[in-house]
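A quick write-up on the structure given underneath.
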Amino acid sequence: MLEIQQLRTDLENVTATLAKRGFNFPAEAFNALEAERKKVQTHTQELQAKRNTASKQIGHAKSKGEDASAILAEVAQLGDELKQAENQLEHIQAELQKILLEVPNLPHDSVPTGKNEEDNKEIRRWGKPRALDFEVKDHVAIGEDLGLLDFETAAKLSGARFSLMTGGLARLHRALAQFMLDTHTQEHGYVEAYVPYLVNQDSLRGTGQLPKFEEDLFAVHAGGKSNSEDNNSPTFHLIPTAEVPITNMVRDEIVALKSLPMRFVAHTPCFRSEAGSYGRDTRGLIRQHQFDKVELVHIVHPEQSYDALEELVGHAEKILQKLELPYRVMTLCTGDMGFAATKTYDIEVWLPAQNTYREISSCSNCEAFQARRMQARFRNEKGKPELLHTLNGSGLAVGRTLVAILENCQNADGSVSIPSVLQPYMNGLEQLRMA
RNA sequence: GGAGAGAUGGCCGAGUGGUCGAAGGCGCUCCCCUGCUAAGGGAGUAUGGGGUUUAUAGCCUCAUCGAGGGUUCGAAUCCCUCUCUCUCCGCCA
């Protein structure tokens, strides 16, 4: 959420900046509502002040045993007018809030202006794609030929965009998550968190998934009843990323200055409906309704958030370096950034079968955008509450990392070499091979 | 699932219709005193919004005592619904 003051005082700039990311801010509607709000709010508060002083006089008079009927009669007339004004004000503020909640964050100055992913800017590459002198298989073929990856059975169990892994592949998947968690906790100073996978709507509003992106989520109701059947059962949503529960840890909190920066890492499944991506990445593990991710979250002093972003990307990159997987780092352009971000780096890993780099991590600074929605603050140097800055990034998407390993480490005979850093997690196993 | 008790400011805790945004204590900040330490004295110390303003200063004002509704001129206090916490029993991983 943007600061409403900024919209009031600097609307032209804000509108122009939002246009860079393809967002059309309804400036006229906003201005009209704002004018109305100011009028109605002032009026409401005047009436409230009048009522308050009169009520105090009544109390005062009664405590002295005096007659208060004159004031009483006078203030009784206020009731209807006040109620009407209050209702009107509430309505206007709800309208304003509705607009505000759907406005994306303002891109940082350093972000290249552009329309879509073609305008993203590569800032560095690491590693060289291995030259493979045999016919390269994609991860689906590799996994299925090994007899360890089974989409057909997954479809029977659940449907499209689910996967079933068994044996060494399932273990490799687990090994990856463990390895990432260990690296981030032991080498990068993160605090490990185990978090709920079902969250309430306040949490999703806090990080920005709601109200705008509800169709991307899976909703869950206790007892299987939807809200229309049973108004009393609260709606939960499956987390689309651990960013939601972790970041919301500080929702409605004022944390101490000395507790900053906070850094958390969590390994969770993530659930996404993938509405609107029909036909994209339908093959394989790239785009699933359920996937595992190791997520990194920083909660920091506003002055430190851009340094923190660089560190965060570095931590994610470190995983790929240890796995010896070639990648490149991209700065997303204004048109390709997510809703809450001011600046985002994507890490793209090399996938030989697709002969291209594919996103495996996305690291964003949200500045105070989420903190404002969450009322997540810290007590600053002057002792005053101030909004925190929040950052999040994948470190990394486990399923996609598995894809990268299968494809980059495949051998001519159909086996897959296990990266040496993972072997200790695999009981020393060096290769996945056909049984 | 059954029975009961709760939810108040950074923390503890008083407050059952009227100058209560909230006593008291602890903590914290500033000042004074004390040649160290300990102790003592004084002042201050919630958050969000709006108006005014060059101003995140000041001033005025509104809201907020778990959340949402209601009664009332007036609600932390009364009524209703919900959420959460705790205790006991049952069940369960």
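Per chain, numbering begins at 1; letters A, B, ... match sequence-line order. On a predicted model such as this, the values are computed, not experimentally measured, just so you know.
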In this structure, how many angstroms lie between the [atom2] atom of [N] and the [atom1] atom of [X], rounded?
X	N	atom1	atom2	answer
A/L89	B/G51	CG	P	12 Å
A/R377	B/A46	CZ	P	14 Å
A/R51	B/G18	CZ	C1'	13 Å
A/Q5	B/G49	CD	P	7 Å
A/Q41	B/G49	CD	C1'	7 Å
A/E86	B/A63	CD	P	8 Å
A/R379	B/C11	CZ	P	10 Å
A/Q48	B/U61	CD	C1'	10 Å

Taking the six-membered ring for Trp and the full ring for Phe, Tyr or His, determine whether the centres of A/H184 and A/F264 are under 6.0 Å apart.
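Distance test on ring centres: not under 6.0 Å, no.
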
Near-ring test A/F271/A/Y197, centroid separation under 6.0 angstrom
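No; A/F271 has its ring centre 6.0 Å or more from that of A/Y197.
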
Could you tell me which nucleotide pairs with [N] by Watson-Crick or G-U wobble geometry, both distances under 3.5 Å, or answer none if nothing does?
N	result
B/C28	B/G44
B/C33	none
B/G4	B/C86
B/C65	none
B/G18	B/C73
B/C92	none

For the pair A/R21 (side chain) and A/G338 (backbone), establish whether a donor and an acceptor sit closer than 3.5 Å, ignoring hydrogens and angles.
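Confirmed, A/R21 side chain pairs with A/G338 backbone.
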
Taking atom [atom1] in both [N] and [M], compute the distance separating them and give it to the nearest angstrom.
N	M	atom1	answer
B/G42	B/U54	P	42 Å
B/G48	B/A38	C1'	42 Å
B/G18	B/U29	C1'	35 Å
B/U71	B/C80	C1'	11 Å
B/U64	B/A7	C1'	16 Å
B/C82	B/C62	P	34 Å
B/U8	B/A22	C1'	9 Å
B/U77	B/A67	P	11 Å

Can you check whether any acceptor in the base of B/G51 is under 3.5 Å from a donor in the side chain of A/E46, or vice versa?
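Such a pair does not exist between side chain and base.
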
Please evaluate the base of B/G18 for a donor-acceptor partner in the side chain of A/K62 within a cut-off of under 3.5 Å?
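A donor-acceptor contact between them is present.
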
Can you identify which nucleotide, out of B/U19, B/U47, B/G74, has its nearest atom closest to the A/H60 side chain?
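It is B/U19.
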
A/R37 has a side chain; which of B/G48, B/G69, B/G51 sits nearest to it?
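Given the options B/G48, B/G69, B/G51, the side chain of A/R37 is closest to B/G51.
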
Please tell me if A/K38 has a side-chain N or O lying less than 4.0 Å from either OP1 or OP2 of B/U52.
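True: A/K38 side-chain N/O within range (under 4.0 Å) of B/U52 OP1/OP2.
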
With heavy atoms under 4.0 Å as the rule, sort A/Q45 into base, sugar-phosphate or nothing.
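Here A/Q45 touches the bases of the nucleic acid.
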
Just checking A/A49: base, sugar-phosphate only, or nothing, at a heavy-atom cut-off of under 4.0 Å?
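Answer is sugar-phosphate: A/A49 comes under 4.0 Å of backbone atoms only.
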
For a salt bridge (Lys or Arg N to Asp or Glu O under 4.0 Å) with A/R263, tell me which candidate from A/E192, A/E311, A/E295 qualifies.
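Among A/E192, A/E311, A/E295, the one meeting salt bridge (Lys or Arg N to Asp or Glu O under 4.0 Å) with A/R263 is A/E311.
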
Taking the nucleotide of RNA chain B with the nearest heavy atom to each, does A/N52 or A/K83 sit closer to the 5' end?
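By nearest-heavy-atom nucleotide position, the 5'-most residue is A/N52.
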
Nearest-nucleotide wise, let me know which of A/K384 and A/T53 is further upstream toward the 5' end of RNA chain B.
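The 5'-side residue here is A/K384.
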
Whether the [X] and [Y] side chains hold a donor-acceptor pair (N or O, under 3.5 Å, no angle test) is what I'd like checked.
X	Y	answer
A/K343	A/S110	yes
A/N200	A/S203	yes
A/E243	A/T207	no

